[in-house]
Asker: 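Below is one structure. I have some questions about it.
Protein chains get the first letters and strands the later ones, always in sequence-line order, with residue 1 at the start of each.
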Protein chains: 2
Amino acid sequence: MVWTTAGPLLQLPSLMSERPLLPLLGDAAPERRDAARNREALLVAAQEIIETCGIDGVTMDGVAARAGVGKGTVFRRFGSREGLMAALLNFSETEWQASVISGPPPLGPGAPPMERLLAFGRSRLETTLRFADLIRAAGAAGTRSYAAYSFVAMHVRYLMGEIGVTGDIALLATALLAPLEVPILEQQVQIEGMDLDRIHVAWVDLAHRITQH
Amino acid sequence: MVWTTAGPLLQLPSLMSERPLLPLLGDAAPERRDAARNREALLVAAQEIIETCGIDGVTMDGVAARAGVGKGTVFRRFGSREGLMAALLNFSETEWQASVISGPPPLGPGAPPMERLLAFGRSRLETTLRFADLIRAAGAAGTRSYAAYSFVAMHVRYLMGEIGVTGDIALLATALLAPLEVPILEQQVQIEGMDLDRIHVAWVDLAHRITQH
DNA sequence: CGGTGAAACCGGACCACGGTCCGCTTATAT
DNA sequence: ATATAAGCGGACCGTGGTCCGGTTTCACCG
């Protein structure tokens with residue numbers, strides 16, 4: 001992933017319609033070619049507008065105009081503004097997932113599970129803050145999407161199991177992830193002016209307390 | 001507080017403009033009488049619309065029309081739709097705060113701090129779910145408002161101090177509160193279909209792990 | 001007690017944006 | 001070549017939010 005200097009933006013891969021890392025089973029009807037072209041053009045346009053004017057500058061009319069299509073097409077492809085944002089977010093999320101699944105340790109496999117968990121926390125903290133605007137703009141479509149929340153929850157549950165945590169692992173995992181959500185982090189960073197390192201240290205402490213290891 | 005049978009709605013006190021329990025220091029300019037009348041009429045109107053059509057049925061035009069004022073007045077009084085929702089929320093929040101500050105134990109003072117903390121968690125869990133729609137509609141204005149977040153955080157920090165918790169109490173309190181936020185709870189209840197009692201039991205376990213008591 | 005000035009307030013016309021809809025166009029399979 | 005379904009586009013709507021000219025309230029003073 002290459003970051004521009006202008007802000008927390010993502011570099012779009014050449015093929016925008018690539019499948020997520022964990023593909024769904026039935027690909028009943030593939031996309032028509034013009035539809036695929038438009039999807040890519042729309043994502044590029046949205047990306048460019050974000051680079052220029054920020055997230056709030058992204059209007060559905062504006063994206064459609066820049067991509068040279070009608071407004072209806074944008075909604076056909078992405079359902080809503082949140083859906084468009086979620087699609088944008090999906091790329092960085094997919095890339096990040098790859099580094100968790102098959103990247104170098106300690107984030108990737110190979111390290112002891114507790115070390116992986118702590119590396120996960122740090123990485124997730126940074127990623128969430130970097131994409132905070134996009135995540136917020138994606139709203140429910142981003143949080144509840146298959147790619148975003150579920151993968152993270154599954155991974156933490158798995159690591160907790162490996163560590164040997166006892167108790168309601170699903171809910172303990174949620175408790176460990178909740179302080180890494182955007183609203184909580186923004187409250188701490190922007191309003192209470194907390195230091196990022198302090199938050200990280202506290203999260204490591206929290207992980208030890210919750211896992212009791 | 002008297003609950004109607006129609007849904008999770010609040011009974012408005014007779015004087016809508018009463019001050020919060022922890023008043024701000026400088027009340028520089030008191031409200032003009034017509035302005036106070038309008039504020040009350042607007043809150044009543046909004047409340048009635050919620051009872052009839054739910055939160056999504058609340059439009060700023062609708063509230064203004066029902067209160068017999070112009071739309072501009074609504075925005076002057078509450079700043080935004082979120083601000084209006086936050087004002088509505090403030091009443092139940094204030095009442096709940098009263099039961100924490102001066103109500104019967106174990107929620108109120110008198111019980112050992114750990115018992116108070118557990119009672120707090122249960123009560124907060126129920127209250128948050130009851131007002132979930134309103135809290136979500138209040139958005140940032142609700143979360144960041146003085147009355148809502150700050151009071152809760154202060155109270156948990158205080159109890160943690162009394163219990164004798166060591167560590168970064170401010171951030172441990174946040175970690176304990178984060179799983180009680182609306183988005184997390186709705187994810188668990190609505191999407192993962194979790195039982196309310198299970199969530200409560202897990203939160204109690206979490207409180208023991210985090211406080212290490 | 002009544003007048004007076006200024007600040008606060010009010011209202012509804014106006015704008016921008018998200019989202020919908022339906023008749024027309026185009027790609028693809030046969 | 002043709003049928004058919006998917007795709008497309010832009011006119012249209014409802015809603016949140018802004019703005020500014022006219023009106024009301026209230027403190028102060030003669």
Side-chain angles (χ1 to χ4, degrees), chain A residues 16-17 26-43 45-46 49-50 52-88 133-134 136-142, chain B residues 16-17 26-43 45-46 49-50 52-88 133-134 136-142:
Chain A
M16 305 295 297
S17 55
D27 248 352
E31 209 167 40
R32 237 168 66 172
R33 212 174 301 143
D34 52 348
R37 247 199 327 271
N38 281 340
R39 148 172 289 139
E40 180 157 357
L42 285 166
L43 286 171
I49 292 174
I50 289 179
T52 309
C53 319
I55 297 276
D56 292 344
V58 178
T59 70
M60 300 305 260
D61 296 86
V63 172
R66 182 178 257 269
V69 303
K71 192 182 184 178
T73 303
V74 191
F75 282 92
R76 165 170 297 274
R77 283 283 81 104
F78 301 104
S80 67
R81 187 176 188 273
E82 290 190 354
L84 173 61
M85 297 302 185
L88 243 26
D133 285 349
L134 206 48
R136 211 179 328 103
Chain B
M16 307 294 296
S17 54
D27 247 352
E31 208 169 40
R32 237 167 65 173
R33 211 173 299 142
D34 53 348
R37 248 199 326 272
N38 281 340
R39 147 173 289 140
E40 181 158 357
L42 286 167
L43 287 171
I49 292 174
I50 289 179
T52 310
C53 320
I55 296 277
D56 292 343
V58 177
T59 71
M60 300 303 260
D61 296 86
V63 173
R66 182 178 258 269
V69 302
K71 191 182 184 178
T73 303
V74 191
F75 282 92
R76 166 169 295 274
R77 283 278 81 93
F78 301 104
S80 67
R81 187 176 190 274
E82 291 191 353
L84 173 61
M85 298 303 186
L88 242 25
D133 285 349
L134 205 49
R136 207 176 334 100

Asker: Tell me which nucleotide among dG19(C), dT25(D), dG16(D) gets nearest to the side chain of D34(B).
Answerer: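 That would be dT25(D).
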Asker: Would you indicate which nucleotide in dG9(D), dT25(D), dT20(C) comes nearest to any side-chain atom of T73(A)?
Answerer: dG9(D)
Asker: Taking only N and O in the side chain of R76(A), is any of them less than 4.0 Å away from OP1 or OP2 of dG9(D)?
Answerer: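 Checking dG9(D) against R76(A), no side-chain N or O comes under 4.0 Å of OP1 or OP2.
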Asker: Heavy atoms from C-beta onward define the side chain here; which of dT18(D), dG18(C), dC9(C) lies closest to that of R81(A)?
Answerer: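 The answer is dG18(C), which lies nearest to the side chain.
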Asker: Return the value, rounded to whole Å, for the distance between atom CZ of F78(B) and atom P of dC10(C).
Answerer: 11 Å
Asker: For L42(A) and dG7(D), give me the distance from atom CG to atom P, rounded to whole Å.
Answerer: 14 Å
Asker: Between P on dC14(C) and CG on D61(B), what's the gap in Å once rounded to a whole number?
Answerer: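 Nearest whole value for this atom pair: 15 Å.
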Asker: Supply the atom-to-atom distance L134(B) CG to I50(B) CD1, rounded to the nearest 0.5 angstrom.
Answerer: 5.5 Å
Asker: To the nearest angstrom, how far is R37(B) atom CZ from dC26(D) atom P?
Answerer: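 Taking CZ of R37(B) and P of dC26(D), I get 8 Å after rounding.
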Asker: Nearest whole Å is fine: how far is dG10(D) P from F75(A) CZ?
Answerer: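 It works out to 15 Å between those atoms.
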Asker: Just by distance, do the side chain of R77(A) and the backbone of L43(A) share a donor-acceptor pair under 3.5 Å?
Answerer: no
Asker: Is the distance from OP1 or OP2 of dG7(D) to the nearest side-chain N or O of N38(A) less than 4.0 Å?
Answerer: no
Asker: So, is R33(A) close to the dT28(C) phosphate, meaning a side-chain N or O under 4.0 Å from OP1 or OP2?
Answerer: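 So the side chain of R33(A) is within the cut-off, an N or O lying under 4.0 Å from OP1 or OP2 of dT28(C).
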Asker: Do side-chain atoms of R81(A) reach the backbone of V58(A) as a donor and acceptor pair under 3.5 angstrom?
Answerer: yes
Asker: Which nucleotide in the set dC9(C), dG12(C), dG9(D) lies at the smallest distance from any side-chain heavy atom of V69(A)?
Answerer: dG9(D)
Asker: It should be established whether T59(B) places a side-chain nitrogen or oxygen under 4.0 Å from OP1 or OP2 of nucleotide dT15(D).
Answerer: no
Asker: Rounded to whole Å, how long is the line connecting atom CD1 of I49(B) with atom P of dG16(D)?
Answerer: 11 Å
Asker: Looking at R37(A) and D34(A), is there a salt bridge between them, counting it only when a charged N and a carboxylate O are closer than 4.0 Å?
Answerer: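 No.
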Asker: By nearest nucleotide on DNA chain D, pick out whichever of R32(B) and G79(B) is the more 5' one.
Answerer: G79(B)
Asker: Let me know the distance between CG of D56(B) and C1' of dG16(D), rounded to the nearest Å.
Answerer: 14 Å
Asker: Rounding to an integer number of Å, can you tell me how far I55(A) CD1 sits from dC17(C) P?
Answerer: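 Taking atom P of dC17(C) as the reference, CD1 of I55(A) is at 15 Å.
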Asker: Do F78(B) and R39(B) have side chains that get closer than 4.5 Å, going by heavy atoms?
Answerer: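 They are in contact (side-chain heavy atoms under 4.5 Å apart), so the answer is yes.
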Asker: Across the strands shown, which category fits R77(B) at heavy-atom distances under 4.0 angstrom: base, sugar-phosphate, nothing?
Answerer: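 Sugar-phosphate contact only - R77(B) comes under 4.0 Å of backbone atoms but never of a base.
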Asker: From the list dG12(C), dT25(D), dG18(C), which nucleotide is the closest neighbour of the side chain of K71(A)?
Answerer: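 Looking only at side-chain atoms, K71(A) lies closest to dG18(C).
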Asker: Is V58(B) touching bases, backbone alone, or none of the nucleic acid, heavy atoms closer than 4.0 Å?
Answerer: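 Result for V58(B) = sugar-phosphate.
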